[in-house]
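Keep in mind that what you see is a predicted model, and the values were worked out from it rather than measured. Note on naming: letters A, B, ... go to the chains in the order of the sequence lines (proteins, then strands), and numbering restarts at 1 for each one.
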Amino acid sequence: MVRVELCFGGGLEALLGGQKRTPVDVPDECRTMGKLILWIRDTLISERHDMFMKDDCVRPGILVLINSSDWELEGTTQYVLEPGDSISFISTLHGG
Amino acid sequence: MEQPQQETVERYSRQMVLGCFGVESQRCLSRARVLVVGAGGLGCPAAMYLAGAGVGALCLLDRHGDCVERSNLHRQIAYNDAVVGVDKAEALAQFVRNLNPRCDVQRLDSKQHGVGICAANAEQMVQGFDVVLDCTDNVMSRYVLSDACALQKVPLVSGAAIGTDGQLSVYCSSGAKDDDTPCYRCVHPVAPPQHCVGSCDSAGVLGPVPGIIGTLQAIEAIKVICGASFVGAEPLRRKMLLFDAMDCSFRTMKLRARNSACIACSSNSTSTQNRITRVNEYDYDAFLMGDSAGDSAAAAPAIAPESRGPLPSRIEALEFSRISNESTLLVDVRPNTHFQMCHLPGAMNVPLTDLSSAERVRDIQHEMDRRSRGEAQSSTLYIICRRGNDSQKAARKLSETGLFHRVVDIMGGLSAWSDQVDPTFPKY
């Protein structure tokens with residue numbers, strides 16, 4: 001198990017009953033970001049999965065952050081979680 | 001060096017005496033040409049602060065024919081009750097002219113009803129500006145504006161706000177060799193599915209939230225314009241600010257660098273396929289539909305249950321007002337916060353999203369039985385929403401349960417009710 005903090009923002013928190021920060025223990029076999037996303041879908045999100053995912057990745061319009069860095073800078077789905085990591089999923093806003 | 005004029009000193013002294021800013025930064029501002037796209041919750045404070053700060057030329061662009069509404073006033077602070085119904089860009093231009101008569105304020109116009117920035121005009125609109133502010137409220141404008149700025153090499157200060165959240169970043173390289181600022185498309189190469197995009201109109205927005213973000217956009221624009229004269233100031237390039245009003249948190253995240261294969265901003269034009277060479281030649285509708293169309297087509301047969309009940313029919317609001325009485329059941333399918341704000345007497349609130357719950361559908365059945373005193377078998381269930389879209393979906397869904405004799409949705413919803421039956425019913 002690896003303990004990380006998940007953050008949901010920009011409206012995505014609605015998928016977790018309004019909860020923005022959730023500490024979770026991720027099973028060792030789900031330690032990569034790619035697996036973590038599937039794990040979140042299967043264990044934390046109960047409905048409207050299409051608001052979170054498309055095919056086997058996060059849907060377009062969601063920024064994924066690993067400790068406040070764009071996950072593109074950290075290897076995207078290949079990144080391996082470290083204890084204490086903060087992983088954020090932020091929906092891009094368009095209103096003005 | 002020549003000294004500034006008396007009025008310049010009097011008007012801008014409070015920022016010119018700042019050690020990091022000084023006379024030279026003020027000169028940069030006075031020579032700058034700035035374009036603000038969108039005269040709403042972001043555009044109002046952004047334009048006001050930029051005019052106040054003394055930019056030389058300020059151009060404003062909004063949708064042609066978009067007028068100030070009363071529902072704008074809680075956040076679009078350049079407007080007041082007296083200008084409700086007045087063209088927005090014109091009203092904002094008037095406000096900032098009064099604020100600073102030395103600023104050359106112009107209102108740009110697409111001359112086409114309902115059109116602001118669009119693929120056909122974007123490159124021409126942004127040409128020649130030192131910085132552009134994206135204060136728009138929709139996905140298409142954001143891509144169009146970013147692509148135009150990428151091609152014309154104009155920095156873009158992009159703000160967005162909805163609900164209690166705000167976001168801010170500076171996109172698009174100015175063309176300098178070592179500038180690795182991404183464009184909006186580098187960060188969002190694929191458009192979000194349409195059903196995942198909220199608007200202030202439907203999702204709501206806390207007034208000061210766009211105020212904060214629009215104000216920060218003015219600061220970023222000033223930093224971009226002044227460059228090195230504004231000593232130590234760093235525009236929010238390759239970074240994004242996330243503001244959450246609920247815990248008053250400001251988080252800054254690191255963004256990826258410019259994508260060397262980006263179809264909008266890559267300098268390597270030969271190796272990139274499908275490169276956008278002219279914004280007016282790119283098919284934005286296809287780009288935005290790309291994924292969402294595929295989604296709905298694939299998902300529809302999977303979730304739609306077999307139709308068992310009769311197909312729903314529709315009636316006018318006026319007709320409904322004539323035939324309804326105390327035994328009529330009207331289900332209002334708007335979200336509960338909307339219902340609490342205003343509803344028709346006797347209406348029952350079951351939000352559209354709750355209709356997948358068998359329990360809530362049973363609640364409707366029970367209420368139907370109660371009101372019709374056992375005559376539910378021959379009674380009609382009426383459905384209403386804000387404008388008549390969700391009520392159609394709800395009526396179809398309830399019909400398909402096969403539990404109701406007849407389901408009818410009210411065309412145009414409460415908005416039509418206000419138009420046809422009761423003008424005192426609030427339109428929002």
More than 12 heavy atoms of other residues, nucleotides or ligands under 6.0 Å from [atom1] of [X]: yes or no?
X: B/Glu234; atom1: CD; value: no
X: A/Phe52; atom1: CZ; value: yes
X: A/Lys20; atom1: NZ; value: yes

To check you understand the geometry: which heavy-atom pair defines the closest contact between [X] and [Y], and what is its length?
X: A/Gly61; Y: B/Pro192; result: CA-CB, 4.1 Å
X: A/Gly95; Y: B/Leu42; result: O-CD1, 3.9 Å
X: A/Leu93; Y: B/Ala161; result: CD1-CA, 4.2 Å

Are [X] and [Y] close enough that some pair of their side-chain heavy atoms sits under 4.5 Å apart?
X: A/Pro60; Y: B/His188; value: no
X: A/Asn67; Y: B/Met253; value: no
X: B/Leu255; Y: A/Leu73; value: no
X: B/His195; Y: A/Asp50; value: yes
X: A/Arg59; Y: B/Pro193; value: yes
X: B/Val187; Y: A/Glu72; value: no
X: B/Ile162; Y: A/His94; value: no

What residues of residues 135-147 of chain B sit under 4.5 Å from chain A when only non-hydrogen atoms are counted? B/Cys135, B/Thr136, B/Asp137, B/Asn138, B/Val139, B/Arg142
So does A/Ser91 get a backbone contact from the side chain of B/Gln167, meaning a donor-acceptor N/O pair under 3.5 Å? yes
Taking B/Arg256's backbone N and O only, do any of them form a donor-acceptor pair with A/Asp70's side chain (distance below 3.5 Å, no angle check)? yes
Under 3.5 Å, is there a donor on one side chain and an acceptor on the other for A/Ser88 and B/Arg251? yes
Under 4.5 Å from any heavy atom of chain A - which part of [X]:
X: B/Asp244; result: side chain
X: B/Tyr184; result: side chain
X: B/Ile213; result: neither

Under 4.5 Å from any heavy atom of chain B - which part of [X]:
X: A/Leu12; value: neither
X: A/Glu13; value: side chain
X: A/Ile62; value: neither

